[in-house]
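For ligands, and for the atoms within them, numbers begin at 1 and follow the listed sequence. When a residue number appears, it is its place in the shown sequence, counting from 1. Just so we're clear, the structure is a prediction, and the values are computed from it rather than from any experiment.
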Amino acid sequence: MTVILLRLFIYLELDVEAISMSFNPKHILGIESLTAEEINFILDTAQSFKEINTRQIKKVPTLRGKTIINLFYEASTRTRTSFEIAGKRLSADTVNISASGSSVAKGETLEDTAKNIQAMHPDIIVMRHNASGSCQYLADRLDCSVINAGDGMHEHPSQALLDALTIREHKGSIAGLTVAIVGDITHSRVVRSNIYCLNKLGARVRLAGPGTMLPPGIEKMGCEVFNNLEDAIRNADVVMMLRIQRERQGAPLIPSVREYARFFGLNGNKMELAKKDAIVMHPGPINRGVELGTAIADGSQNVILDQVENGVAVRMALLYLVSGGEKLKGE
Ligand code: CP
């Protein structure tokens with residue numbers, strides 16, 4: 001693998017870095033099963049791909065002849081677009097399927113849809129689905145690679161990886177940092193993937209949210225839990241804000257959005273409690289005036305668009321790694 005990755009770097013005219021391990025998973029279903037070394041390897045690979053996105057001709061032949069299907073059962077702007085761009089920049093053929101425009105709307109099951117898609121011989125299916133565990137379910141039944149683009153309240157691994165890349169770029173390294181994550185913790189797949197990722201990379205994770213949005217026992221994942229935003233963000237290096245996931249809630253979990261914004265929304269005054277050089281992150285979509293005040297949403301500490309930019313590079317790295325570098329083997 002080392003030789004293959006070195007050849008990739010030469011082939012793409014990228015900086016050749018020290019590469020000391022191999023990692024070619026068949027699937028990327030979550031962060032829980034990855035080691036710190038594997039996460040760092042993905043981040044290093046993404047860092048190298050990043051440069052392609054600023055070239056005048058943003059296309060390399062790495063995945064020429066591969067077919068990638070983006071199968072999205074839930075709405076998405078950032079994840080779906082960046083997986084599509086990532087595939088296209090690596091010269092793969094990419095096809096987008098959304099539940100509303102497919103036969104899912106006519107009652108077809110996930111397994112039947114997937115088997116029909118498999119009959120067309122894709123190499124990778126990137127799936128977002130509202131059911132936790134659905135990506136594992138697919139991976140257990142299909143021959144092609146599966147990448148989890150967010151499954152219910154379980155995991156969103158590519159989001160945690162792009163978050164880690166963004167933190168690493170702004171802070172130099174992740175070990176020893178204090179990262180506060182605030183919002184609807186119960187319904188967030190982003191928070192679960194981030195807890196796994198940040199803990200493995202040596203950060204301290206704090207969580208805060210209304211009691212109704214903090215699942216009992218979450219501290220067992222390796223984080224400190226606060227019931228107010230101020231204590232969670234005090235002296236933090238990174239403040240990650242989450243939106244309220246109304247689509248996953250049954251009965252309302254808060255008396256009013258206005259009250260939520262008052263206690264759990266981030267504004268300039270509250271941000272002064274964090275370290276002076278702290279960064280503000282959000283996986284998007286943001287709700288201005290709810291979890292982020294305008295001064296923060298448009299402020300200089302906010303690195304949200306850096307997260308979006310890094311999303312393309314991280315997804316290029318994931319598509320490349322699950323493809324096993326086969327194109328290069330044949331060179
Ligand atoms: N962060 C994220 O998953 O955004 P989308 O829902 O727009 O993909």
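- Taking any N or O of Pro285, backbone or side chain, none lies under 3.5 Å from an N or O belonging to ligand 1.
- Side-chain contact check for His156 and Arg128: at least one donor-acceptor pair (N or O, by modelled atom type) lies under 3.5 Å.
- Ion pair Glu74/Arg80 not flagged as a salt bridge, since none of the NZ, NE, NH1 or NH2 atoms sits closer than 4.0 Å to an Asp/Glu carboxylate oxygen.
- The distance from ligand 1 to the heavy atoms of Thr77 drops below 4.0 Å at these ligand atoms: 5 (P), 7 (O), 8 (O).
- The residue among Ser158, Ser76, Gly150 with a heavy atom at the shortest distance from atom 8 (O) of ligand 1 is Ser76.
- A cation-pi geometry, defined here as NZ or CZ lying under 6.0 Å from the six-membered ring centre and within 45° of its normal, does not hold between Arg262 and Tyr260.
- Thr166 and Gln307 are not linked by any side-chain donor-acceptor pair at a separation below 3.5 angstrom, with hydrogens and angles left out of the test.
- Around atom CZ of Arg141, more than 12 heavy atoms belonging to other residues, nucleotides or ligands sit under 6.0 Å away.
- Remark: minimum distance from atom 1 (N) of ligand 1 to any protein heavy atom is reached at Pro283 O, 2.7 Å.
- Within the 4.0 Å heavy-atom cutoff, Glu74 does not count among the residues contacting ligand 1.
- For the pair Lys115 and Asp112, the salt-bridge criterion is not met [side-chain N within less than 4.0 Å of a carboxylate O].
- In this structure, the side chain of Ser91 engages the main chain of Val60 through a donor-acceptor pair within 3.5 Å.
- Closest heavy-atom approach to atom 3 (O) of ligand 1 among the candidates His282, Arg78, Arg128: Arg128.
- Near Thr79, the atoms of ligand 1 lying under 4.0 angstrom from a non-hydrogen atom of the residue are 2 (C), 3 (O), 4 (O), 5 (P), 8 (O).
- Only the side chain of Gln159 comes within contact range of ligand 1, with a heavy atom under 4.0 Å; no backbone atom does.
- Under a 4.0 Å heavy-atom criterion, Gly284 is in contact with ligand 1.
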